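Single-structure report; data block below.
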4 protein chains.
Amino acid sequence: MQCPFDTKPRWERRKDARPQELLAAALDLFVERGFASTRLEDVAKCAGVSKGTLYLYFTNKEELFKAVVRDSVVPVIGHAEDIIAGFDGHSADLLRSVMHNWWQRLGAAKASGLTKLIMAEAGNFPDIACFYQEEVIARGTRMFASMLERAVVRGEFRPIDITITTQVLIAPMLMLQTWKHPVGPCDLNSLDPIAFIDAFLDMALHGLLPEPAA
Amino acid sequence: MQCPFDTKPRWERRKDARPQELLAAALDLFVERGFASTRLEDVAKCAGVSKGTLYLYFTNKEELFKAVVRDSVVPVIGHAEDIIAGFDGHSADLLRSVMHNWWQRLGAAKASGLTKLIMAEAGNFPDIACFYQEEVIARGTRMFASMLERAVVRGEFRPIDITITTQVLIAPMLMLQTWKHPVGPCDLNSLDPIAFIDAFLDMALHGLLPEPAA
Amino acid sequence: MQCPFDTKPRWERRKDARPQELLAAALDLFVERGFASTRLEDVAKCAGVSKGTLYLYFTNKEELFKAVVRDSVVPVIGHAEDIIAGFDGHSADLLRSVMHNWWQRLGAAKASGLTKLIMAEAGNFPDIACFYQEEVIARGTRMFASMLERAVVRGEFRPIDITITTQVLIAPMLMLQTWKHPVGPCDLNSLDPIAFIDAFLDMALHGLLPEPAA
Amino acid sequence: MQCPFDTKPRWERRKDARPQELLAAALDLFVERGFASTRLEDVAKCAGVSKGTLYLYFTNKEELFKAVVRDSVVPVIGHAEDIIAGFDGHSADLLRSVMHNWWQRLGAAKASGLTKLIMAEAGNFPDIACFYQEEVIARGTRMFASMLERAVVRGEFRPIDITITTQVLIAPMLMLQTWKHPVGPCDLNSLDPIAFIDAFLDMALHGLLPEPAA
DNA sequence: CATGAATGAGAGTTCATTCAT
DNA sequence: TATGAATGAACTCTCATTCAT
């Protein structure tokens with residue numbers, strides 16, 4: 001989290017950069033404080049413009065949020081889809097690859113905080129919830145499911161239930177995203193994300209039980 | 001969320017019932033709307049009393065929230081600890097038992113929504129975050145870890161890293177809790193929690209890869 | 001200030017003592033916190049009864065206040081009037097006597113704080129103001145003026161303007177009453193009331209200028 | 001108290017005039033109603049703006065009050081200090097001069113009501129009390145004491161006790177200030193301030209007793 | 001395009017007063 | 001008489017949104 005609150009002098013005040021600066025500032029603050037608790041005045045200040053200016057680019061708070069999502073989350077899903085389409089090896093490696101990639105491109109980035117935000121505040125902002133459901137959740141789920149189908153078809157995974165296993169695999173990654181953002185000031189949760197992913201993949205692939213004799 | 005309380009006549013006093021009614025109403029609304037967005041007037045109305053009455057029983061919003069947690073979440077952890085202490089069989093069965101129990105007693109109940117709430121709003125309400133961290137998270141984590149230690153000591157699980165595996169096991173359960181609460185009105189996510197838990201346990205215990213030997 | 005807030009057990013809960021206990025508690029709190037800021041619940045608690053009971057004896061806050069004044073201030077004026085009526089010596093001695101007596105009986109007592117209270121809050125509570133004006137101020141002023149008239153008539157004071165000198169003499173005594181009650185927590189004003197009265201009488205009787213030759 | 005400001009059209013902006021208008025309105029209402037009983041909404045309305053606008057200029061009620069004091073009382077003390085520093089004649093004349101000046105610049109103005117306010121409400125608002133004690137009372141007292149020291153040193157006053165005489169001289173002036181503000185609606189106290197000051201000075205300088213010699 | 005002063009509904013909290021018991 | 005649970009209006013302070021400049 002960088003900004004609160006130095007009005008950036010920005011030597012070259014390029015008009016066309018405005019929306020991007022506003023989106024970046026909004027992402028920062030939405031992730032840090034949540035949707036309802038983020039004040040547009042702070043977003044503006046953080047982007048070095050006035051409150052009124054923000055309304056020239058985004059009709060209201062909800063539209064600003066949607067723009068942030070479109071800008072920072074949606075592209076990542078497309079990228080993952082590309083990886084899957086072009087992959088050729090064992091599905092276990094594909095799974096590892098997609099998971100680590102996800103983390104690098106999304107989980108580790110600020111945008112990961114949006115997951116937490118949506119889970120918590122969707123109820124109060126139906127518009128936003130619908131938008132996110134369609135643009136992110138549904139699409140991300142399809143992408144994951146297609147990977148599992150491939151694995152089962154090729155006999156590389158046991159013949160598991162695709163739908164539910166998709167959810168089982170996604171769940172910890174989402175938790176990882178939310179854990180990355182401190183839960184309050186007395187956060188004891190010093191978690192190593194990479195270790196978490198590896199431990200999870202290890203467990204998911206091999207199970208907790210000892211090798212059955214053999 | 002429908003307020004399950006009929007508006008009671010003004011002078012029908014039930015001092016001893018009040019706190020419970022208020023706690024129930026507060027739980028409903030906190031889970032539905034989050035901490036910041038829940039208006040105390042609504043809580044009061046929902047419990048069939050006036051705004052002022054609420055302050056006869058709880059000094060302020062934060063104390064009301066803490067009381068809700070103490071009333072609905074904390075006892076569940078104690079119960080789980082008891083199960084573990086008294087269990088005698090194979091750790092895989094203990095894990096299954098604790099997970100299903102958790103779901104029945106906490107996950108399936110409204111109180112599960114508090115997890116979501118905390119994740120989202122902890123940053124904005126440090127006092128609450130600390131309270132929850134100490135009373136719920138730390139204690140719940142210890143409980144889970146003790147179960148894994150037992151499993152490894154008895155040679156019933158592979159010698160995994162306790163700390164991180166605890167988190168890996170907890171993560172999907174927390175996600176399950178948050179998923180239970182619809183992400184907005186257009187929630188497509190019709191998830192069967194029991195099936196989810198079973199699928200997760202199956203994966204966690206046996207892994208995704210096919211039996212190696214055979 | 002004694003009470004805030006031990007519910008007095010009062011072995012013998014005499015009903016007939018109730019009003020007196022309430023008046024005493026009310027005086028304490030009115031003086032300490034002012035009229036508007038004194039909560040009737042505190043008055044009741046301080047007298048060891050419930051909030052509702054207070055309303056059995058006094059119809060509302062204003063009536064309670066009037067009762068306090070009638071109980072603690074009004075009698076003192078009558079006493080001063082008696083002193084004047086029965087005095088026989090030099091008027092300078094009478095003035096000294098009345099002033100010291102006033103201080104002993106009223107200024108030094110808690111009731112002195114009511115002066116401060118009235119000055120400050122009269123504007124917001126016209127009923128109270130009128131009551132106090134009639135019962136206390138007007139009567140007290142007449143009493144003082146009669147003393148000055150006697151002094152001038154007997155040639156013991158210079159032929160000063162009675163009305164205005166009355167005010168000039170009363171003013172410092174009233175200030176002394178208000179100063180007795182600390183002006184906030186950082187009150188540096190460690191004032192010796194007796195010394196103040198003596199200094200004032202000395203100045204009033206002899207003046208600040210040196211003895212004119214002689 | 002009539003609000004001297006006509007309601008201005010919403011979009012007639014006068015940023016630079018606002019603070020002064022708000023301070024004037026606040027002074028009026030604080031003096032009329034006291035600190036606790038003054039509603040900020042009324043202050044705003046009286047200055048022709050909305051409630052929210054007030055918060056653009058003053059962070060909260062206490063800061064508004066401090067600003068009022070800084071604006072209306074503090075400068076007057078500085079002026080009195082200048083008079084003393086530059087005065088050359090007899091101390092009796094200096095005393096007369098300072099007193100009359102005080103009355104003209106402070107006593108006669110609305111700001112004189114702040115004295116009353118502080119005396120009454122300091123106990124309930126410690127922050128304000130400390131501020132006033134430091135910025136006004138302590139400084140004003142020092143100013144008066146320096147004047148008396150000068151008088152005694154030059155042999156123009158009897159060798160009186162500086163500290164206590166300072167208080168004796170200040171007391172009636174403070175009372176005069178509070179009397180200026182009617183004690184409720186049925187105020188019988190039609191007092192001529194100039195006559196009061198002159199009578200007080202006459203008494204203070206010459207005493208009440210007749211010339212001894214002659 | 002850009003500004004930022006202004007708005008006003010709405011939140012948490014307090015307390016004099018009521019009234020069934 | 002005595003209680004104390006309940007009320008609801010009132011207060012301070014916040015912030016998304018508007019709009020004259």
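Keep in mind it's a predicted model, so treat the numbers as computed, not measured. A, B, ... follow the sequence lines: proteins, then strands. Residue 1 opens every chain. In what follows, every heavy atom counts, from backbone to side chain, and hydrogens, waters and symmetry copies are set aside.
For F:dG8, the OP1/OP2 oxygens have no side-chain nitrogen or oxygen of B:K51 closer than 4.0 Å. Using a 4.0 Å cut-off, no side-chain N or O of C:T53 falls inside it from OP1 or OP2 of F:dA2. The shortest distance between the side-chain N/O atoms of A:Y57 and the OP1/OP2 oxygens of E:dA2 is below 4.0 Å.
Positionally, the nearest nucleotide of DNA chain E for D:V49 lies more toward the 5' end than for the other of D:V49 and B:E62. Of the two residues near DNA chain F, D:N60 and A:F35, the one whose nearest nucleotide lies more 5' is D:N60. Place C:K61 and B:A36 on DNA chain E by their nearest nucleotides, and B:A36 ends up nearer the 5' end. Nearest-nucleotide positions on DNA chain F place D:S37 closer to the 5' end than the other of D:S37 and A:G52.
Between the C1' atom of F:dT14 and the CZ atom of B:R39 lies a distance of 15 Å, rounded to the nearest Å. Put simply, NZ on A:K45 is 11 Å from P on F:dC15, counting in whole angstrom units. Per the geometry, OH belonging to B:Y55 stands 7 Å off P belonging to E:dT14, to the nearest Å. The distance between atom CD of D:E41 and atom P of E:dA9, rounded to the nearest whole Å, is 10 Å. For the pair D:L64 CG and F:dC13 C1', the interatomic distance rounds to 13 Å; values are reported in whole Å. As rounded to whole Å, 13 Å separates atom P of F:dA16 from atom CD1 of A:I128. Put simply, CZ on C:F58 is 13 Å from P on F:dT1, counting in whole angstrom units. In this structure, C:L54 atom CG and E:dT17 atom P are separated by 10 Å, rounded to whole Å.
Formation of a donor-acceptor pair under 3.5 Å by the B:K110 side chain with backbone atoms of B:A24 is not found in this model. Under a 3.5 Å cut-off, the side chain of A:K61 and the backbone N or O of A:F35 do form a donor-acceptor pair. Not one N or O on the side chain of A:K116 forms a donor-acceptor pair closer than 3.5 Å with the backbone of A:G34.
Legend: residues meeting salt bridge (Lys or Arg N to Asp or Glu O under 4.0 Å) with B:R70, ordered by chain and number and at least two apart, are absent. Here A:S37 pairs with A:R33, B:N124 under the side-chain contact (heavy atoms from CB on, under 4.5 Å) rule; sequence neighbours left out.
A:T38 OG1 to A:F65 CZ: the interatomic distance, rounded to the nearest 0.5 Å, is 9.5 Å.
Counting heavy atoms from C-beta on, the side chains of D:L23 and D:F58 come closer than 4.5 Å.
If you check every strand for non-hydrogen atoms under 4.0 Å, C:L56 touches a base. Residue-level contact check: A:T59 touches neither bases nor backbone, having no heavy atom under 4.0 Å from any strand. Among the atoms of the strands shown, only primed sugar atoms or phosphate atoms (P, OP1, OP2) are found under 4.0 Å from some heavy atom of B:T38.
The side-chain contact (heavy atoms from CB on, under 4.5 Å) test with C:L27 singles out one residue from C:L114, C:V43, C:V69, C:L22, and that residue is C:L114.
DNA chain F forms stems at E:2-21 with F:2-21, each a run of 3 or more consecutive Watson-Crick or G-U wobble pairs whose two key distances fall under 3.5 Å.
With distances taken from any side-chain atom of A:S50 to the nucleotides E:dG12, E:dG4, F:dT7, the minimum falls on E:dG4.
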